[in-house]
Each structure stands twice: as C-alpha cells, then as structure tokens.
Amino acid sequence: MNRRSILAGAVLAVGLAGTAFAQQDKVKAGFIFVGPIGDGGWTYEHNKARLAVEEEFGDKVETVYQESVPEGADAERALTQMALGGADIIFTTSFGYMDPTINVAKKFPNVKFEHATGFKRADNAATYGARFYEGRAIQGLIAGNITKSNKIGYIGSFPIPEVIRGINSAFIHAKKANPDVEFSIIWAYTWFDPAKEADAATALIEQGADVILQHTDSTAPHAAAEKAGNVYAFGQASDMAEYAPMPRVSSIIDNWAPYYIERVGAVLDGTWESKDTWGGIGSGMVEIGEISDIVPEEVRTQALALRDQIASGEYHPFTGPINKQDGSAWLAEGETADDGTLLGMDFYVEGLTGDIPN
Amino acid sequence: MDLSSINPLILLASIMVASTPILLAAIGEMVCEKSGVLNLGVEGMMITGAVCGFVVAVETGSPAIGFVAAALGGAVLSLLFGILTQYLLSNQVATGLALTLFGLGLSALIGQGYVGIKAPVTADVNIPLLSDIPVIGRIVFQHDLMVYFSIALIAGVWAFLKFTRAGLVLRAVGESHDAAHALGYQVVLIRLLAIMFGGACAGLGGAYVSLIRVPQWTEGMTAGAGWIALAIVVFASWRPWRVLIGAYLFGGVTVLQLNLQAAGVAIPVEYLSMSPYLITILVLVIMSANRSRAALGAPAALGRVFHASH
C-alpha cells in the first residue's frame, strides 16, 4: 500500500465519519483548466467565474486551479492531487475530463465534483453545461445574412455531440437566412492550438469562405480573418472584443459565474447535491456579445429578436421540419428536439456535406 | 468532395509561409549538429524566441526589432546550453531536454502580460515587376521578408559549409573533435558559436510564428514545431537543400491536410497527420540499409563529449 492510497483511505474514512450535509465554514474550490487562462476564450471565462466566486465569498472560500491539464489519464493525477490537497469541490472544465472525474470521484466520496459538458454523474459528481447551440443559432442567422461568397468556414475541435450540435444549429439558421449557403468544416482535433487554428482559418479563407465560425478557444482565427481583410468572425466562449468591430461581429459568451457561486454556496450551506444543469440564453449562462455596426441594422434586429424568442422559450433552435443528412426524417413539422437526442447528437442535418469523423 | 475549390497557387504560397518557422529552426539545428553538438532544446529556444520577439515588437512597434530580439533571445538561451555542455561537460541529450522545459516555462513567465495583445503588422514585400509575373509572381514574390531570408539562409549555409575554410573547420570539429583539436582549432569555441547560431535561428523561427503566422502570443504556441525541426535535420541527412525540401514537405502536409478537409475529402485526417513522420522513417530505413552510418551523413562526433585533456 503506497502513501497515496493510505491518504486516499484516510480521506475516505473521514468522509464516512462526517455527515453528508454538514455546514462548512470554509470551502476550498479547485478548478482544472484545459488551456491557459490567457487563451482569451474558454478557460479565460472559467477563470473569470473562479474570481467571481472569490469575490462573492471572500474569506470563506479559497480557490486553487491548474492550467493546461491534458485530457485523459494525466487529468486523473491532477484531480487526485487536488483532492488530496483538501479541495471540497472540484470543477473539471472540459469534456475530456469525464472519465477521470468519475474515477477520482469514486476514490473521494466526500469531495464534490462538477464536470462541464459531460453526461456521466455519480452521487458526488454533478454535470453542468450550457446550451451553446442557442447562441449558434444567432451566429448562423448573422453569418447567413452577411456572407457574400455564400461559403462559411467552421473550425471544429473534436467530433463530439456538443460541437456537432453547434454546427447543425448554425447551419439550420444560416440556411434559413440564405438558402445558397454552404459550410466547409475543418476538424482541428484540439481545443487550443493557436498556430493550428490560424492555419485552419487561413485554409478556409483561401477556399472562399468569408465568414469563420470556430469551436476552438483561441483568438487566432480572428487574427487570420483580420489579416485576410473582408472576413467576418465570431467570438467563441468569450467576447474577444479586441477584434471588434471587424473581423469580430458578435460572440457567444459563456457566463459561468452565477453557477459557480451557486454551487460553492451550496457546499457552504451543506445543500449540495448531484444534478445536471444545462443553462441557456434564458438562464444567462449563454450570452450574446454586442453585435457590431458592420452588421446591417435589419439583420441585427432579427438576431436580437431570435435571441429574445429563444430566451423566453418561445422558439427552440431545433424545431421541425428537419431531416438528417441522409434525407431521413428527424423532426416533424413543429416538433422540437428532446434533450436526450441533443446530448448524444452524432449526425449532420440535411444540406451539410462531408462525414463526421469517427 | 470538391477539389476545384483548392487553388493550387494559393496553396503553394501558404505552404511557404507555414514551412518557414520549421525551416529556420531546422537549418540552425543542422549547423549545430554539423559541429558535433546535439541540441534537443530547439522547442525551448523557439518558444523563447517567439515570446522575446513578440514582447519587443509590441513594445517598440517594430516587427523588425522584434525579430532581432528573438534571435538574441534564442542565442542567449542556447549559450546556457553551450556553457553546460561544453565547459561543464554535461550530457547533451539531458541538457537539451531540460532546455526545452526551461524555455517553455520561462516564455510563459515573460509572456504573462502579453496574452491577447495584437502584434504590429508585418508588411508583405511586393517585389516590383517580379510580383506581377502571372502564376509564379503570386506564389514566389509576394511574401514577407522572412520567407526570403529563410531561403537565403539555406543558400548561405550551403555555401559556407561547402566553399569556405571556416565551414570546413566546422565540419572537421563535427567529424573528429580530437583531430581538430590536434590541428590547433578551438573546438569548444567553434561549437559554442555553432550552438548560438542554432539558437538564433530557432528564435527567429519562433518569432515567425508569434509575429507573422498566428500572430499573437499564447503559451506553448510553437506546439512541437521544434521537434519537427529536429526530425527534418535527420530526414535531410544533414544537407542544407534537403532541409529546405524537408521543411516544405512537412509544412506542406500540414497545410494540405487542412485544405483537403475544407474541400471535404474523405481521407481520415490521422493518415495525413502521420505521413511526414512515416516518410522520415522510410527515408531513414532506406538510407541506413544502403551503407553504414556514413551514408546517413551524420557527423561522426555527434553528441560526443569533448575535453581537451583527451
């Protein structure tokens, strides 16, 4: 028995001795980040929320974080270390941390885990995510309207449901705005690699795309768009306002602060329980960044109207009739997609070309 | 699949841009290895060059001064490696690896306040007349200055090694440091200079990424380009023009893979990503099957420790 497992055993014993709903005076919250805080996108926003937690609770909370933790086995090491370091609640902020989170959660029943964008839960492991596809619908509407080449480039990260949902949602709404629109998709197989993202954006632009949508975390595609001239882009995960008004014409902003404050507060009160949270524009988890003046007034009005309709629940971005890529029917007229299908989405909708890599 | 959407001319032009960082780093490493020193710290020197170049370019507003600073930064870091391996006789492989880790950490520290800032724009040089030539003009004569500089550097290194006495001495040191020492050449000094040249080139390559290709600063942004540069040197069997071919091949595959994806070609990305490495292995196998180590072209004293008391 090595030292680590003795320690883990000790933590376990303490966990069993304590009561599940004890109130705590002080909470240590840990954060596992997939990229550097300075990425200007995904991790930047998670860290902003971390700071908001510190601000909210002051002395009652201590936060620790680790940047650029690789997804996969190494994440388990980082998580274990954080749990052994006395963290009461640990937020694992990327899809690839799903299995490591569940594995480590088993070893530390008294530590609460929160995994972003995943679907596996345990008694001490909750999941949370945001309905980015709602924001993608608005992006698609703007993109379809402002493209002149009718060609929209999309930089995907990994072919997982979250990313595929975004592509489908953007495509459906771009197509509604402009029936001639085409999507070119490049899978970068990374969340954060500025050089690769810049190359991908450049390749798309060279093939005639004049709007770039991205599901990767850096601002490099914006820099590439700016260099190319008349190319539009959208902020991803963060506002990326330093590229406004051109090439960045709008953005999807993830606002994790209210959720993190609620969950850390729940640990303090002793009311934390494992659940799944999937917030959207309505709950404020997804925000739409300012639409710049480059976008024509009527398009902006339409986009804002769409945002408000989605926020109020009046409109669902996946409302039938929608067919799958192979032409088979998916949603009938007026039918909306259920969350189960959306969470496991592994198909393109009709009109998109190319295959989803396995 | 719509291959017609790929414009071969634009593709070639962007291959030249994508290949320049690894080309610069590889030619520097080649000179270093020609002197008999194996410096595995290319990645660390590149990233240090990237951050030095970026910070200085942002502060001064001049990309040119940024590139000079990047070369200096890379050279200073490589000097550290030089002192450790040449004077303190530390193991070159271990020291090189440590240099990579050190460079990554140091660059993250220096670059902390510069994340998300935009770099000053480097203008493309449109060579008058030549850039107006149809087809070729577009590919070859409308780049930024560093692209031409990197090709000129290849030619310069080739000429230096082949035609000058100093180049001959450098090669002699790399083949047999004891013999060179017996002839009265200052092995350690020559190697230090070669190491610093390698560092400066790697720094320039890094700055090309942070100032032109991306252009912004983020931690770890060279993303393994230094390792590819090391592979290219072996692939090129230590010959300058083959370094050029190797770098364009590696860079080309990266760009081509993205373009094929954008055009919707159904080749799995993984095959394209691994192809340059497969080619390297293949070339190594063919060359080493042919004759003994001499055929590979590796300097005979590569990686061996030299001490004047021998």
Side-chain angles (χ1 to χ4, degrees), chain A residues 35-41 43-44 67-68 149 151 153-156 159 182-190 192-209 212 217-224 226-228 238-243 352-358, chain B residues 1-11 13-15 17-18 21-22 50 104 108 111-119 121-122 124 206 208-210 212-225 251 254-270 273:
Chain A
I37 285 170
D39 68 355
T43 298
Y44 176 77
E67 296 172 86
S68 304
S149 66
K151 204 159 175 186
Y154 204 113
I155 307 170
E182 270 178 58
F183 270 37
S184 290
I185 299 158
I186 288 185
W187 296 99
Y189 285 94
T190 177
F192 178 76
D193 181 346
K196 213 170 189 179
E197 292 170 51
D199 284 349
T202 309
L204 289 165
I205 292 166
E206 281 171 1
Q207 295 200 15
I212 300 291
D217 300 344
S218 88
T219 51
H222 289 250
E226 189 174 45
K227 207 160 132 191
S238 187
D239 198 26
M240 303 189 176
E242 65 269 29
Y243 288 94
L352 280 167
T353 50
D355 298 318
I356 300 173
N358 296 317
Chain B
M1 173 155 102
D2 181 20
L3 281 181
S4 62
S5 63
I6 299 179
N7 181 337
L9 304 182
I10 300 180
L11 182 70
S14 64
I15 285 174
V17 171
I22 46 177
L104 286 169
Q112 261 179 353
Y114 291 89
V115 171
I117 294 177
K118 287 195 263 182
V121 177
T122 312
D124 284 357
Y208 192 84
V209 177
S210 67
I212 295 178
R213 189 158 152 226
V214 175
Q216 51 175 266
W217 164 252
T218 28
E219 273 175 44
M221 69 183 308
T222 46
T254 321
V255 172
L256 189 65
Q257 165 212 329
L258 293 167
N259 273 281
L260 287 177
Q261 266 207 71
V265 176
I267 306 172
V269 194
E270 292 82 354
S273 310

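To find a chain, count down the sequence lines: A is the first, B the second, and so on, and within it residues start at 1.
Counting all heavy atoms, side chain and backbone alike, A:D199 lies closest to B:L258 at CB-CD1, 3.4 Å. Across every non-hydrogen atom of A:A223 and B:V214, the tightest pair is CB-O, 3.3 Å. The minimum heavy-atom distance linking B:E219 with A:E67 is given by the pair OE2-OE1, 4.5 Å. A:Y243 and B:Q216 get closest at one heavy-atom pair: OH-NE2, 3.6 Å.
A search for side-chain contact (heavy atoms from CB on, under 4.5 Å) contacts involving A:A198 returns A:A220, not counting sequence neighbours. By the side-chain contact (heavy atoms from CB on, under 4.5 Å) test, A:I356 is found to be paired with A:P159, A:I164, A:Y348, residues two or more places apart in sequence or in another chain being considered.
Atoms CG and CD, from B:N259 and A:Q207 in turn, are 4.5 Å apart once rounded to the nearest 0.5 Å.
Only the side chain of A:E226 comes within less than 4.5 Å of a heavy atom in chain B; its backbone stays farther off. There is no contact between A:Y44 and chain B, counting heavy-atom distances below 4.5 Å. Residue contact with chain A, scored on non-hydrogen atoms closer than 4.5 Å, involves the backbone and the side chain of B:I212 alike. A:P36 touches chain B through its side chain: at least one heavy atom from C-beta onward sits under 4.5 Å away, while N, CA, C and O do not.
Per-residue counts of heavy-atom pairs under 4.5 Å with chain B were compared for A:T202, A:I185, A:L204, A:T353; the largest is that of A:I185.
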